[in-house]
Amino acid sequence: DNLAGEAIPLGARILRVVDTYSALISDRPYRERFDEIAAQQIIADNAGIEFDPRVVKAFLDMLNTQR
């Protein structure tokens, strides 16, 4: 739909981060899963590029709180 930045619905931005994290920590036919720390680093590294940085911060804060 040619949406970018804030024009992308917040729910979609949240699902993008969560779905990617889930994919990273799951085994795939073509690769083994990443450990949680590595997956979190990949998500953090792509904040502002692939993912909304505010969503990434909230997501990573939530994961750290759960520990």
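Here the structure is a predicted model, which means the values were calculated and not measured. Here, residue 1 is the first one in the sequence, and each next residue gets the next number.
Listed by first and then second residue, the ring-ring contact (aromatic ring centres under 6.0 Å, His included) pairs that reach into residues 47-67 are Y21-F59, sequence neighbours excluded. The side chain to side chain donor-acceptor pair (under 3.5 Å) contacts involving residues 30-39 comprise nothing, where partners must be two or more places apart or lie in separate chains.
Of the possible donor and acceptor atoms, none in the side chain of S22 sits under 3.5 Å from a partner among the backbone N and O of V18.
Between the CZ atom in R13 and the CG atom in L3 there is a gap of 10.5 Å [rounded to 0.5 Å]. Atom-to-atom distance recorded for I43:CD1 and L63:CG is 9.5 Å, nearest 0.5 angstrom. For the atom pair D61 CG and T65 OG1, the distance stands at 6.0 Å (nearest 0.5 Å).
The cluster map of Ile, Leu, Val, Met, Phe, Trp and Tyr, joined by side-chain heavy atoms under 4.5 Å apart, puts F34 and I37 in different clusters. I14 and I42 fall within the same hydrophobic cluster, where Ile, Leu, Val, Met, Phe, Trp and Tyr residues are linked whenever their side-chain heavy atoms come under 4.5 Å apart, directly or through other members.
In plain terms, the two heavy atoms of A39 and I25 that are nearest each other are CB-CG2, 3.6 Å. A pairwise comparison of heavy atoms in A47 and P53 identifies CB-CA, 4.1 Å as the closest pair.
Side-chain contact between L10 and V55: present, with at least one pair of heavy atoms (C-beta onward) separated by less than 4.5 Å. Counting heavy atoms from C-beta on, the side chains of Q40 and L24 never come closer than 4.5 Å.
The residues E6 and R54 are annotated as salt-bridged, a charged nitrogen and a carboxylate oxygen being separated by less than 4.0 angstrom.
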